[in-house]
Structure formats: C-alpha cells, structure tokens
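All figures in this text were calculated on a predicted structure; none of them were measured in a lab. Reminder, nothing fancy here: chain letters follow the sequence lines and each chain counts from 1.
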Amino acid sequence: MNDKFLKPYNPADTEDRIYQMWLDSGYFNPDKLPADEPGRGVNGEPFSIVLPPPNVTGTLHMGSAFMLALEDIMVRYARMQGKKTLWVPGTDHAAIATQSKVEKDIMKKEGKSRHDLGRAELLKRVDAFAKESHDNIVVQIRKMGCSIDWSREAFTLDEKRNFAVRTAFKKMYDDGLIYRGFRVVNWDPKGQTTISDDEIVYETRKAKLYTFKYSKEIPISISTTRPETKLGDMAIAVHPDDVRYKQYVGKEYDAVFAGEPIQLKVIADISVEPEFGTGALGVTPAHSTIDWEMAQRHELVTEARPLKTVINEYAKMVVGFDSGDFKIKDKKTTEAREAVVAWLRAEGLLEKEEDIEQNISVAERTGGVVEPLPKLQWFVAVNKKFTREGKGAEAGTTRQVTLKELMKEAVTADGISIIPERFERIYFNWIENLRDWCISRQIWYGHRVPVWYRDEEVYCGLDAPKNESGKGEWMQDEDTLDTWFSSGLWTFSTLGWPEETADMATYHPTTILETGSDIIFFWVARMILMSTYLLGDIPFKTVYMHGLVRDGKGQKISKSLGNNIEPLDLIAKYGADAVRMALIVGVGPGNDSKVDENKIKAYKNFANKLWNITRFILSSAEGDMGPLVPKAAAITYDPNFESFSAADIILRDEFNVILKDITSDMDAYRLYLAAEKIYGYVWRRFADEILEDSKKIFKEGTAADILSRKQFLLRTLHTILRALHPFMPYVTEEIWALIGAGNTDGHRLLIIEKWPV
RNA sequence: GCGCGAUUAGCUCAGUUGGUAGAGCAAUCCAUUUACACUGGAAAGGUCGGGGGUUCAAGUCCCUCAUCGCGCACCA
C-alpha cells in the first residue's frame, strides 16, 4: 500500500499535479481520445457543449464556479460513457461592461476621459486589461478541474469570430433584416451609448407627480413626473371615450411653455389610462418610447412640424429660458425640472403635487438613468417576413417567416427543451413582447459595424470597399455592435463557421447549453435567433439553466455589497472536489443557492473518507492476496471471479440498482440528485455498514466468504471511483492511480474509464 | 396588471413519474490501543404554510387563501 494513505488526503498536494496529467494525456481534446475501441473515444457518438464565455471584466465568482462544476460533471460523464466529448472554452469581450470598467479606472488614476486618449489608445488599454482578466479566468477554470479543450479556445472579439460577425451581419443586411432607423432608443448618458431593452434594470424611487396646465388658455390639465420634457410636447392625448375631453379632440393650441413655444394638438388614443392623473397626458415624441409610437400612429411629426428634441446626449436641456430665475437651457434634466416647477408655480399654473413611487430605467452596466432619445441606429427586425428555403421534406420550397417565428418554432417544433420546463413559458413570454433589437453601440470596444459611407452611398460588406479616384473616401460606421450579437453566434462561431469545418459537421447542433437563468433572453434567445436564421438549425438540443449563487445570508453577490467569495480561496482551503460537490448537491435547476462553508467542509471530509475507505480495503487485501491479481504493484480484483457468497451477491445487486438509478438521474440532468445518492451510498451504506460487517467476516468468516468479500470490496471500490469521478475528479483520479486500478486492462486514466452502467 | 417560484427538522435545503418524510450544519448521550476524530454508534427533532378536493394512497395532482421572493408590462 502506498504510504500516502497513512496521512489524510491532501487536495493541495494533488490537484495541480493531476490536472497536468490530464493535460498531458490530451484527453480534453476529443480528437486525442483513444481510438482502440469501437463506439468509444474518437469512434464515439459526439457530445458537445460550449462554455458560456465569462466576461473579461475581472475574475470569476462563485456563480461561475457553480457553472463550471455543473458543466464539467456533464462533460466527464459523457466522456466516460464513451462519447466523443468536446467542451469549448472561451471568453467574452463584453463590450460595454469592459470598456466602462477600463474608462473608470483611467479616469480615477489619470483623470482622463476616453476622448482625451482617442480610439486607438483606449482600445490598447482595454485589450491589455482584457488579456489580464482572461489569464486570471483561465487559471480559475483550471483550478476547478474543468476538462475543457484548450486547443479550441475562442474569444468573442478575435479574428475568426470577427469574420463570423461580419458574415452574419452582411447576410442579415442583404435579407433586409438589419436596417438603419431613426427612432427613440434607450440612451445611457453615463455610458454615452444606446442600449437594448434588455440592458435596462428598473429601480423603484420616490418621485413627484405634478399636475398643471401648459398655459391659462389651454383648458386641459395634465400630469407628469418630468415637467422638463414638456418643452418638447407636440400633443395632448386623451382616451377616446373620455367624456371630459371629447369636445377638445382635434383642436390645436399654441403656448409658450417655460420660454419655449409649443404647438399642441389634442388627440384620442386608447393607450391613455383615463384613471391616471387627470386622464390627459402630454405627448413628448422625442423623449418617450410610448409617445414616439403614439406620434407615429397620429402622424404628429411632419415636415411642417418637425420632431422636437429638448434634451441632448448629456441629459442636458437644449431649449427653455436661457437666463433669469428660471434658467433651463443647458441645465441637467433634474435641475431643469425644478426650474420648470418653480416657473409653473410662479405663473399659477401648478395645480397639484403628489408623492408617488416610480420605476426608473437604469442602464445595467453603468448605472446611468436611461434617457429616451431619438437616434439613427442599427436594428435587427424581428417581425419582418423574409424568405426562407425549406429543409428536409420541404426542400425546394420556400416560405415567409419572421425571426420571432423562428425563435418560437425552435422550442415548440424543433425540439429544444429547456430545463426546468417553466423557463419555456418565460421564454415565450419574452418573445411575445420582443421589439426590434437595437444592435449599434456608441462605444469603441467591440465589433465595428461593417458598413461604409461615401456621400449618399451606403455599402455593407465583409471588407472595406476600395476608394476610387475622383470620388470621395469611404468611411466606416463609427459604431460597434451589441456584445450579444457576437455571443449569439457562439455555438457555431467557435466551431469555425462560416467555414465548413469538420467540427461544424461533427459537433453542431451542440448537445446541451448550460447557463445562468438570468441570461435566458440576452444570450439563449439570441443564440436561437442566430442559429435558426444563419444555419437553419437549432444551436443546442437541451438548455439547462442554473440559478443564482448567493452569499451565506442569501444576498445577491455584488461588488457594491463587497460580499464576493473568491472560489480560489475555498479551493485552496477545501479542495476543488469539495467545492464542486457543495455547490451542486441538492441544488435543482433554476433554483438559487447559498454558499455554505460548512457544506464544503463536509465534502472535504467525504474526500478523506473515500481515501480511508481505500486504505482499509487495501490493508485488508494485503497479506492474504489469494487469487487477487497483483500486477505491477497494483492490488486489484480478479475480473473473472464469480464465486461470490450469497451475502455479497445481494450487496452487488443492491449497488447495481443504485447505479442504474444514478445513471437515469444523470441522463435526465438531475446531477444534484445523482451526486447525493452516490455520496449517501459510499458513506452511509458502503463505509458505515458494509465495511463494518466486513471486519467481522475477515475475523470469523470462512475462507470462501473472506475471499468473496475482498473481491467484492475491491470491485466495488473501483466502481465507486468511476461513478464518483465526474463529481470529484481529483481525489478519484489520484486513488485510481495509487491503487493501479487501470492495470486491469492496461493502464488508463480514470477520466476515460467506462461509466459503471 | 400578467405570469412564475417558494413555504418540509432549530438553521440551510433535497425529495425525479402520487406509495407512509431525507441530507448538511447545530444540539443530546456514548465510544478513543478502531481504515478514517476530516471518526463511529445511539437517541432526539417535522399534524411537509392554512383550508378544501381527487385517489385505495397526496409533501407530490387540482382548487382556494395567506406570507415571502422573482420576471415581464405599466410607470403621463
């Protein structure tokens, strides 16, 4: 017996060495799996999964550790089943998140803005930061024990992915699904960029609802929380059935509001809630999405009455009193609001002030209060019909569909199943409410929009058009793309698309996508959109969504709370195996969990328990080897041994039933149950009962019973190691090596051994 | 407003298709020339949020109420 077993199991002395051994074996790369068995290894059925690329904004947190544990368990299980198993690593440039972090750092340290540095210099700084983050992330992924194929690592902003992005953009542009449009978008004054509807978070704040008249001559009072926007009003809207206002519909009024001349037309629109405020509202097409849509419906904006913008990109007023007590122009919206209210009060127009609770829109990444502004931006049209060629039985035919319909079909008809199932309803709900996706961003870090302009001409292509003498120069669009545009391509851009690679043919659609439930819309939905549109195929067959990992008190882990728990610290203290088990056991799909250090400790003890189980079995087997097979210092069972005692046959069958149960849990992605069951068997049944009984047998039993029990214990230990390997890869691989278990059929690493069932 | 989830031992949570409640931690008692004290054994602890229904049988399915949490929409 190896002397190592005389001391407790020490993960710190083991894990890095074992990981290096796996790397040296090449088995993380499916092309390098053994080729000597039919239906296994390189000859196996493909299994593929992409790593949800972590943002290069810093380091991983417990949520990422949870994700890595779940995915590595799935991957190792598949590999042991003999599948040609590929797990693709990568990182996400996370455009706005990364740039704003670096900008903040530079501002803090050097007092310079991105405009002081310029585009090229800022990008250099961001790249350097991203590189550093990337390296930290790689270390963390390795420390977790992830059996991921580093030879295929990708980055959402590298050359190959950029080519995929340009290819995707051009195809959508040519199909008329990407267009440039002028409309009210979500503007983040802090980040100085547009953001999509999904990048907004809502915060409840106390606000004042003001009721007033625009002027003494206008008979209708309106209510608003943002009086400063009223300088841009173009209409007053009432409900068509509201008898109070019916007589005014269609009338037009002129007024000078806070120093700004306005023209108001009274319109009737069903979106107006008669019970709210006075039942009449001021329509501000330039600074409210809803009002913009209302303006479209009623054709409020014409050549004679152009759109009136009163707030700029810095959330400052561009009209209003230029001086005096009520100066408004050039003031921030919040200050301008006070000035407008003061003016209303002075004019005797203010009728009421009420305190209300209001949800305000905040940019998720920067914390800036979103200002709806009219802008010329690039959009993906989700409701526009386009021609799609039929596939399979419908080959040769065409049909008209929208992207929205494709996204829906992927889950209803094309067989993507989402675990837990309730997320399917959430997914459909989101699709119902989906509007065109604003994809252009006014930041520098990201994929540049592949469109060039020359005078009135517009060119979209994979590369810049050639300049011709005598004509103006082609200038590329300044904007970059929403980071999710490139992440949406991830399942196939990582496999080489748009090239027709062997990886594409073998591994796409991927087997499963495992990710956090919070990015179902950002990412999962967009991958489905991109894949069904660009490839005519689903990106994955199953989606497994995990919940949030919270701190010990149940609070969300966030930078502002400073409650981040560093996975590497826990790994150093308890070992990666223990951390993995503690994170996944008993945590069902979609459910939030809490980091519980006691639980991690319990699984560290379990690793040591397994260690001592091995020690007991080895020491019992030694000395009286009988027909046990000693091979190259290994102690292993006789695979042909069949003379089990009646008691051992029962034990063997009992374990087989449990293994079958665990296997069906694994196949249904109930890892959280499978892990608990194997744990329960090993400790409570195998160690506490079977090993204890064995002591009696070894002391008092017949020679046949003793031999049978030794065979059973060793055989079962081998099986336990295989069943436990996906969950606790390090300690199982270490024991496997120390007992020379692989010697039964030539030395093999446990990582490629057969799953027991 | 629409939808979803949760409510199980003192605490944190499992319980997959309905078949008489489990884990970790904590707490109680016992055991140290024991494979393991990173241990073992024993005992204790729950009318599974309330009420109603379906069923031979309900923590599990249906209805309803309550409390907490979340998503979406609204947010003039």
Worksheet item: Is the distance from OP1 or OP2 of B/rA35 to the nearest side-chain N or O of A/Lys609 less than 4.0 Å?
Response: no
Discussion item. Is the phosphate of B/rG24 approached by A/Asn605 (side-chain N or O, under 4.0 Å from OP1 or OP2)?
Written reply: no
Practice prompt. Any chance you could measure A/Leu350, atom CG, to A/Trp343, atom CH2, to the nearest 0.5 Å?
Written response: 11.0 Å
Item to complete: Figure out the CD/C1' separation between A/Glu692 and B/rA31, and round it to whole Å.
Response: 12 Å
Worksheet item: Got a second to check how far A/Ser417's OG is from A/Ile512's CD1, nearest 0.5 Å?
Response: 8.0 Å
Worksheet item: What is the distance, rounded to the nearest whole Å, between atom CG of A/Leu691 and atom P of B/rA35?
Response: 10 Å
Worksheet, complete the sentence: Separation of B/rA35 atom C1' from A/Lys699 atom NZ, nearest Å, is 14 Å
Discussion item. Of the options B/rA35, B/rG40, B/rG24, whose atoms approach the side-chain atoms of A/Trp683 most closely?
Written reply: B/rG40
Discussion item. Just the rounded figure in Å: distance from C1' of B/rC13 to CD of A/Glu676.
Written reply: 9 Å
Worksheet item: For the pair made of OH in A/Tyr9 and C1' in B/rA35, what is the distance, rounded to whole Å?
Response: 18 Å
Practice prompt. Could you summarise the pairing of RNA chain B as dot-bracket text, marking Watson-Crick and G-U pairs under 3.5 Å with ( ) or [ ] inside the strand and | across strands?
Written response: (((((((..((((.....[..))))..((((.......))))......(((((..]....))))))))))))....
Practice prompt. Grab the CG-P distance between A/Asn608 and B/rC36 for me, whole Å please.
Written response: 10 Å
Discussion item. Just verifying a value: how many Å separate A/Ser196 OG and A/Arg435 CZ, rounded to the nearest 0.5 Å?
Written reply: 12.5 Å
Worksheet item: Would you say B/rU16 has OP1 or OP2 under 4.0 Å from some side-chain N or O of A/Tyr672?
Response: no
Item to complete: Indicate whether OP1 or OP2 belonging to B/rG5 is found under 4.0 Å from a side-chain N or O atom of A/Arg422.
Response: no
Worksheet entry | Reported CD-to-OG1 distance for the pair A/Glu351 and A/Thr211, which is rounded to 0.5 angstrom | 7.0 Å
Worksheet item: Is the NZ atom of A/Lys677 crowded by more than 12 outside heavy atoms at less than 6.0 Å?
Response: yes
Fill in: side-chain hydrogen bond (donor to acceptor under 3.5 Å, both in side chains) evaluation trace for A/Asp233 with A/Tyr214
CA-CA 10 Å; A/Asp233 279 10; A/Tyr214 290 96; 2.4 Å; yes
Worksheet item: Is the phosphate of B/rC13, meaning OP1 or OP2, less than 4.0 Å from a side-chain N or O of A/Lys599?
Response: no
Discussion item. On the nucleotide B/rC4, are OP1 or OP2 found under 4.0 Å from the side-chain N or O atoms that A/Arg425 carries?
Written reply: yes
Practice prompt. May I have the distance from A/Leu209 (atom CG) to B/rC75 (atom C1'), rounded to whole angstrom?
Written response: 10 Å
Worksheet item: Given atom NZ of A/Lys677 and atom P of B/rU16, what is their separation to the nearest angstrom?
Response: 9 Å
Worksheet entry | Nearest-0.5 Å distance that lies between atom OH in A/Tyr210 and atom CG in A/Leu344 | 9.5 Å
Detail all sub-3.5 Å separations between protein N/O atoms and N/O atoms belonging to nucleotides 68-73 of chain B.
residue, atom, partner, partner atom, Å
B/rC72, O2', A/Asn433, ND2, 3.1

Fill in: B/rG24 OP1/OP2 closer than 4.0 Å to side-chain N/O of A/Arg684
yes
Discussion item. Could you measure the distance from the CZ atom of A/Phe686 to the NZ atom of A/Lys609? Nearest 0.5 Å is fine.
Written reply: 11.5 Å
Fill in: Out of B/rA14, B/rG40, B/rC25, whichever nucleotide has its closest atom nearest the side chain of A/Asn598
B/rC25
Worksheet, complete the sentence: Against the side chain of A/Asp688, the closest entry in B/rG41, B/rC74, B/rC36 is B/rG41
Fill in: Qualifying salt bridge (charged side-chain N to carboxylate O under 4.0 Å, His left out) pairs, either residue in residues 269-291 of chain A, two or more places apart
A/Asp269-A/Arg297
Item to complete: Using the C1' atom as the reference point in each nucleotide, state the distance between B/rG52 and B/rA66 in Å, no decimals.
Response: 15 Å
